[in-house]
Protein chains: 2
Amino acid sequence: MASNGTNASSRRAELLAIAAELFAARGFRATTVRDIADAAGILSGSLYHHFDSKESMVDEILSTFQAGLFEEYDAVLTSADDARNKLERLVRISFDAIHRNRPAVAIFQNDAAVLAEDDRFDYLRTNNERFRTMWMGVIDEGIRTGALRDDLDPVLTYRFIRDTVWVAVAWYRPGGQFSAAEVADQYLAILLEGLGPR
Amino acid sequence: MASNGTNASSRRAELLAIAAELFAARGFRATTVRDIADAAGILSGSLYHHFDSKESMVDEILSTFQAGLFEEYDAVLTSADDARNKLERLVRISFDAIHRNRPAVAIFQNDAAVLAEDDRFDYLRTNNERFRTMWMGVIDEGIRTGALRDDLDPVLTYRFIRDTVWVAVAWYRPGGQFSAAEVADQYLAILLEGLGPR
DNA sequence: GCACCAACCAAACAGTTGCTTGGTAGAGTA
DNA sequence: TACTCTACCAAGCAACTGTTTGGTTGGTGC
């Protein structure tokens, strides 16, 4: 057996990054272990020296990413900021996550729903609920304290923000025309003030 | 040969609808012809009496949907409305399209990028450019005429609107808590006036 | 010189994939 | 009765899938 949970050789990390790029570009199911091996310059069987299965690769990619994200979210939610500032910080953290973990975010967006049907990926459902609770807490607080308008449905507002932010992974490219911070600025401007003239 | 381009038996349409639901739920690549046949209560080989290939199924689903959508968009753009009204109508048409063609929209969102690499799906790239031109025309006109604020990047604004609207297919369900019109109302409210208190 | 080890190769496996072929049941028609 | 057509079955094909197995390579420590 190759992967023991604490193993983290540089080659292993390299292979995982290659797999993540391919999963993100073509989808988990459509990416074969031979695709990954080809991109890495080895034979498909050699991947199994580093990983138990193709599933364990995507598992590690997604769970590592989510653990990091929740750590950052937690830091915001336990802070003394008001709802408006928390919301802004959550949005900025999210765009930064897209910048730093683009493949992982893309895989989550495209394949998580199907993967979550498997018991192995139970944590995807759990984390989804936790994620939702975090955002809804800030939104509800914002409405209660008057930081956000109170004539909209909170659930639809949550979905609007969530989708708007994370779907940007479909076109955002590090080193592209706009930095993650610039995108976050403009998106927050539209989100909070709207597109109409002031 | 089975499909002659004008063939449109009810059984054929039925099979196409079944395929569309499966493609939307699991992805084009991950859906097998046996999955489709099982769902239809026939054997996989029998599908080839109605369709040339699995690809021709998704081709017909996507091209039919896009043709209908462009027809509706055209009606708006050639009208005498001002930019603000055109924008509202485009958004409402789009949500209605999600309502009426949910599987097709989902397939487009999830699989179009990969399919477009194939020459057969050249029209996906062409239509994408046409789509972009249509929306950008309205956005630019809105900024020029003062209907939209002028301190934002038009390209990012376009992406914001586009993504915000179409990604709703991931969670919208006909007959669910909110109708397509209700979602459109709330999304337009956020889009145009923002989440902040007035 | 020897043992050890991570990384990889070469070859194969059983199952799945999209698709083809030749045939058949049943309804409509003349 | 004979013909035609739509819709389907039954069986199989070659290619591809994730994974396993036993063996090889080149480097490191002693």
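Residue numbers begin at 1 in each chain, while the letters A, B, ... track the order of the sequences.
- Going from atom CZ of A:Phe51 over to atom P of C:dA7 covers 10 Å, rounded to whole Å.
- A distance of 6.0 Å or more separates the ring centres of B:Phe65 and B:Phe108.
- For A:Phe95 and A:Tyr172, the distance between ring centers is not under 6.0 angstrom.
- Electrostatic pairing of B:Asp151 and B:Arg149 counts as a salt bridge here, judged by a charged N lying under 4.0 Å from a carboxylate O.
- Nearest to the side-chain atoms of A:Thr32 among the listed nucleotides D:dA7, C:dA7, D:dT17 stands D:dT17.
- Note on A:Tyr123 and A:Phe70: separate hydrophobic clusters, where clusters join Ile, Leu, Val, Met, Phe, Trp and Tyr whose side-chain heavy atoms are under 4.5 Å apart, directly or indirectly.
- In this structure, B:His50 places its NE2 atom 15 Å from P of C:dC19, rounding to the nearest Å.
- Atom pair B:His49:NE2 and C:dG22:P shows a separation of 17 Å (rounding to whole Å applied).
- For the pair A:Leu47 CG and D:dT21 P, the interatomic distance rounds to 17 Å; values are reported in whole Å.
- With no hydrogens or angles considered, no side-chain donor-acceptor pair links A:Asp59 and A:Ser56 at under 3.5 Å.
- A salt bridge is defined here as a Lys NZ or Arg NE, NH1 or NH2 lying under 4.0 Å from an Asp or Glu carboxylate O, and A:Asp96 with A:Arg100 meets this definition.
- Using five terminal pairs a side, the axes of the helix from C:dG1-D:dC30 to C:dA30-D:dT1 at its two ends make an angle of 10°, given in steps of 10 degrees.
- Proximity note for B:Arg29 (side chain, C-beta onward) versus C:dT17, D:dT17, D:dG18: the nearest is D:dT17.
- Residues from residues 33-46 of chain B placing a heavy atom under 4.0 Å of any atom in DNA chain D, listed by number, are B:Arg34, B:Gly41, B:Ile42, B:Leu43, B:Ser46.
- Note: CG (A:Asp52) to P (D:dT19) measures 9 Å, nearest angstrom.
- When rounded to the nearest whole Å, the span between CD of A:Glu55 and C1' of D:dT17 equals 14 Å.
- Contacts between residues 108-123 of chain B and DNA chain C, defined by a heavy-atom separation below 4.0 Å, involve no residue at all.
- One can place CE of B:Met57 at 14 Å from P of C:dT17, the figure rounded to the nearest angstrom.
- By the 4.0 Å N-to-carboxylate-O rule, B:Glu141 lies too far from B:Arg144 to be salt-bridged with it.
- Because its NZ or CZ atom is both nearer than 6.0 Å to the ring centre of A:Trp171 and within 45° of the ring axis, B:Arg159 counts as a cation-pi partner of that residue.
- Partner of A:Gln66 under the side chain to side chain donor-acceptor pair (under 3.5 Å) criterion, out of A:Asn101, A:Thr126, A:Asn128, A:Asn127: A:Asn127 alone.
- In this structure, the nucleotide among C:dG18, C:dC8, D:dT19 sitting nearest to the side chain of A:Arg11 is C:dC8.
- Side-chain heavy atoms closer than 4.5 Å link hydrophobic residues (I, L, V, M, F, W, Y) into clusters, and following such links, possibly through other members, connects A:Phe160 to A:Val169.
- At the phosphate of D:dT19, OP1 or OP2 sits under 4.0 Å from a side-chain N or O atom of A:Tyr48.
- In summary, A:Arg12 and A:Glu60 engage in a salt bridge, as defined by a charged side-chain N under 4.0 Å from a carboxylate O.
- For the pair A:Arg12 CZ and C:dA7 C1', the interatomic distance rounds to 14 Å; values are reported in whole Å.
- A:Met134 and A:Leu156 end up in the same hydrophobic cluster when Ile, Leu, Val, Met, Phe, Trp and Tyr side chains are linked at under 4.5 Å.
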